[in-house]
Novice: 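The structure under discussion is supplied below as C-alpha cells; questions concerning it will follow.
What you see is a predicted model; the values in this text were computed from it and never measured. We name chains A, B, ... by the order of the sequence lines, and we start the count at 1 in each one.
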Number of protein chains: 2
Amino acid sequence: MTSVWTRPSRPAKSPALSRPQIVRAAVELLDAQGMDALSMRRLAARLGSGATSIYWHVANKDELLDLVLDEVFGEVPLPEPEASWREAASMFAYGLRATLFTHPWSVTLIGNRVTVGPNAVRLTARLLETFTGAGFQGQFLDRASSTLLAYVLGATTPEVAWRSMMADSGTNEHELFEAGREVMKQTARDHPELLARYADYEGKDATIVRALVFDFGLTCVLDGLEAHLRRSGASPSPFPAPEGGPPPGTDRPEGLKGAR
Amino acid sequence: MTSVWTRPSRPAKSPALSRPQIVRAAVELLDAQGMDALSMRRLAARLGSGATSIYWHVANKDELLDLVLDEVFGEVPLPEPEASWREAASMFAYGLRATLFTHPWSVTLIGNRVTVGPNAVRLTARLLETFTGAGFQGQFLDRASSTLLAYVLGATTPEVAWRSMMADSGTNEHELFEAGREVMKQTARDHPELLARYADYEGKDATIVRALVFDFGLTCVLDGLEAHLRRSGASPSPFPAPEGGPPPGTDRPEGLKGAR
DNA sequence: GAGTGGAATCGAACACTGTACGAGGGGCGC
DNA sequence: GCGCCCCTCGTACAGTGTTCGATTCCACTC
C-alpha cells in the first residue's frame, strides 16, 4: 500500500523540474483551460520540458491529481479558533465555497479520490477544534464537521456545474436563463408549478440568488447543529448564541448584507 | 441552443439500435466496470454493433452521459406526497443516497453537467410539492429543497469516493483502515487529536458508522428547516412534528434501528 | 417485382491521450 | 579519468472520441 503522501518528494536539488513546480503549473493550466485541457504533454509544454520527464517526479497522472487537489485544500482559509463556533463555521463554509469557485475542476476531483493530503488533514483538524470548542464530543465531532463539509460540497457542486457550462458554451447568464426556459417549456409540461418557480427568478441577479440559497442552507445546517448541542446539554461556546438566531452581521460576509 | 432534451429520439422503428437501448447498455457497462471503462468502442461491442453506429442515435459522448445521468435520477424513489414532510424528505434522502451508491460513477457526472432531464425535473417537482405541504413558500421552496439535495449529494460524494477506491485497489474495508492509519501516522504527526479520533473507529463496521454520520447530518438539516418554519410562523403540515424531535421509527429506514 | 430514397450501420482514418522503455546527458565523488 | 546516479527525453504502443464517405437495408411507389 503506497501513496503519494508516504513516498517523499525527490531530493530538493532537482535542477530543472520539481514536484511543487509541476503541481503549480498544473493548477494554472487547470484554472486557465479546465480539466480536459490537462494532458501530460500540454503540462510539459508549459513547463518547457519533455512530456515524460514529469514521470520522474510523479508516478502517474492520478497521483498528480491527488497533489493538485490537496493544493486546493491548502488555499481554503482555516477557521479562526478564537471566533464563536457559528462564526468560524460560517467563515469556513464561505471560504471553501469561494476556493472551489476559483478552481471549479476540483469539485470533479473530490468525487473521484479520497483526500488525505497534508493540507486537507490540517483543515479537518482545525474543523474538529472548532467543533470541540462548540461543545461537541467524541464521534459527534466527526459527525458535525462531516455535516458541514457535506453541505458546502453538495451546495457548491451544482453551482460549479452551472458556471462551467456557461464557460464552455460561451453564453452569459441571461442567455442561458432564456434557453433554460425553452427547455423547461417542453420537459416540464406536466409540472406547471415548476414553471411558476422558474418565472420567479426573472430578471434577478443569478449570483445573488445562488448566494442566498447557499446562505439559507448554511443557516439550516448550523441551526440543526445548535439544536443538537441544546439537546445533549453541552457546555456552550464562550460566545453563547442569543435567542432567535445569531447576532446580525456575524454570519454573513460583507457582500450579502440586506440583500433579501 | 440545442439540447438532448429538445431534439427527439430517432423514430421508434429503429431496427437494430435505439436510444434507450444504448443508454441501458451504457448504465450496465458503467455499473460493471466504472467510468474509465465506458468507451464508445466497448459500448458498441456490448451492443453487438459498430462503434460509430452509436453516433446516429446520440450526438456525442457528452450527450450520452446526459442521458445516462437522467436515467439514474429516474431510479430515485419519489417522495410520497401523503407522508409527513419530515418522513417524505428523509425517505427521499435515503433513496437518493442508495441510488447513488448503486451507480457510483453518477456522482462524478453530477459535478460536470447541469441536470435538466425529464426524470430529474419530475424529482425536483415532487420535492417542491413535499416542501409546499410542509409550509414553505415562494423562493423558500427552492431554498429548502436545494438544501436537502445539497446535503445528500455532498454527504454521499466522499462515501462513493471511498467505495470506488476500495473497488479498484482490490482491498477490503479493514485493510484500507490499517493502511489509512499508516498514512495518518506520517501526515497527521502534528495533529494528535486526529489520531485519537481515528482510533475511535477501531473495529467498528465502517458501513454502519457512515450511515450514522449520514443520519446525524440529515437530522440536523431537517431540524434546521423545521426551525425556519417555526420562525416564519408557517402553517404546519397535516402531521405536526411532536416536541423533542420526530416520532421514533418514521425517519430512519429499517437497517439502522437501535444501532447507536 | 423493379426501382428509388432515405434511414441506419459501419470501416478507415485523424489527432490526441497516458505511460513503458531505454538511451542518453550532466554533475558528483573517487 | 572513471563510474555512478539523478534526471531528461524521444520513441513507441494501445487506446480514445469523432469525422467522413461508402455501404447496407428496408419501406415505399410505379
Side-chain angles (χ1 to χ4, degrees), chain A residues 2-4 7-26 29-30 32-69 105 108-109 112-113 168-169, chain B residues 2-4 7-26 29-30 32-69 105 108-109 112-113 168-169:
Chain A
T2 79
S3 148
V4 218
R7 185 175 56 268
S9 177
R10 295 287 178 170
K13 43 184 73 166
S14 326
L17 243 46
S18 73
R19 195 187 266 190
Q21 193 188 31
I22 293 173
V23 172
R24 218 178 316 128
L29 187 57
L30 284 166
Q33 319 215 195
M35 191 92 257
D36 291 344
L38 179 68
S39 78
M40 299 307 261
R41 282 177 246 262
R42 268 200 278 264
L43 177 57
R46 176 176 275 257
L47 287 162
S49 77
T52 57
S53 308
I54 299 173
Y55 285 89
W56 180 255
H57 305 271
V58 152
N60 49 36
K61 190 178 182 182
D62 232 53
E63 193 173 289
L64 172 62
L65 291 179
D66 281 336
L67 293 165
V68 157
L69 180 55
W105 39 268
T108 307
L109 290 183
N112 285 337
R113 59 205 70 239
D168 53 49
S169 78
Chain B
T2 78
S3 147
V4 217
R7 185 176 58 270
S9 178
R10 296 285 180 170
K13 44 185 71 168
S14 325
L17 244 46
S18 73
R19 194 186 266 188
Q21 192 188 32
I22 292 174
V23 172
R24 218 177 315 129
L29 188 57
L30 285 166
Q33 320 217 189
M35 191 91 254
D36 291 344
L38 179 67
S39 78
M40 299 307 262
R41 284 178 245 263
R42 268 202 277 264
L43 177 57
R46 176 176 276 258
L47 287 163
S49 76
T52 57
S53 308
I54 299 173
Y55 286 88
W56 179 254
H57 305 270
V58 154
N60 48 34
K61 191 179 181 180
D62 231 54
E63 193 173 290
L64 172 61
L65 292 178
D66 281 337
L67 293 165
V68 158
L69 180 55
W105 39 269
T108 307
L109 290 183
N112 285 337
R113 60 204 69 241
D168 54 46
S169 79

Novice: With respect to B/His57, which candidate in B/Ile22, B/Leu64, B/Leu67, B/Val23 satisfies the side-chain contact (heavy atoms from CB on, under 4.5 Å) definition?
Specialist: B/Ile22

Novice: Rounded to the nearest Å, what distance is computed from the CG atom of residue B/Leu17 to the P atom of nucleotide D/dC25?
Specialist: 16 Å

Novice: How long is the span from the CZ atom in A/Arg41 to the OG1 atom in A/Thr52, to the nearest 0.5 Å?
Specialist: 9.0 Å

Novice: Could you point out which residue of B/Thr108, B/Asn112, B/Leu38 forms a side-chain contact (heavy atoms from CB on, under 4.5 Å) with B/Leu65?
Specialist: B/Leu38

Novice: So which nucleotide from D/dT16, D/dT8, C/dG18 ends up closest to the side chain of A/Tyr55?
Specialist: C/dG18

Novice: Can you tell me how far C1' of C/dC10 sits from CD1 of B/Ile54, to the nearest Å?
Specialist: 12 Å

Novice: Expressed as a whole number of angstroms, how long is the span from A/Arg19:CZ to D/dC7:P?
Specialist: 12 Å

Novice: Has the side chain of B/Arg41 got a donor or acceptor atom sitting under 3.5 Å from an opposite partner on the base of D/dG17?
Specialist: yes

Novice: Any base atoms under 4.0 Å from B/Ser39, or only sugar-phosphate, or nothing? Heavy atoms, all strands.
Specialist: sugar-phosphate

Novice: Return the CZ to CG distance between B/Arg113 and B/Leu69, rounded to the nearest 0.5 Å.
Specialist: 7.0 Å

Novice: Tell me the interatomic distance from B/Lys61, atom NZ, to C/dC16, atom P, rounded to whole angstroms.
Specialist: 18 Å

Novice: Could you state the atom-to-atom distance from CH2 of B/Trp56 to P of D/dC26 in whole Å?
Specialist: 16 Å

Novice: Can you measure from CD1 (B/Ile54) to CG (B/Leu43) and round to the nearest 0.5 angstrom?
Specialist: 4.0 Å

Novice: Write down the distance between CG (B/Leu47) and P (C/dC10), rounded to a whole number of angstrom.
Specialist: 10 Å

Novice: Picking from D/dT16, D/dC9, C/dT19, which would you name as closest to the side chain of B/Arg42?
Specialist: D/dT16

Novice: Roughly how many Å is it from CG in B/Asp36 to C1' in C/dT19, rounded to a whole number?
Specialist: 14 Å

Novice: Describe the nucleic acid contact of B/Leu43 in one word from base, sugar-phosphate, nothing, applying a heavy-atom distance below 4.0 Å.
Specialist: nothing

Novice: With a 3.5 Å cut-off and heavy atoms only, can you find an N or O donor on one side and an acceptor on the other between the side chain of A/Thr52 and the base of D/dG10?
Specialist: yes

Novice: For D/dT8, take OP1 and OP2 only and decide whether either is under 4.0 Å from a side-chain N or O of A/His57.
Specialist: yes

Novice: Report the distance from atom CG of B/Leu65 to atom P of D/dT18, rounded to the nearest whole Å.
Specialist: 9 Å

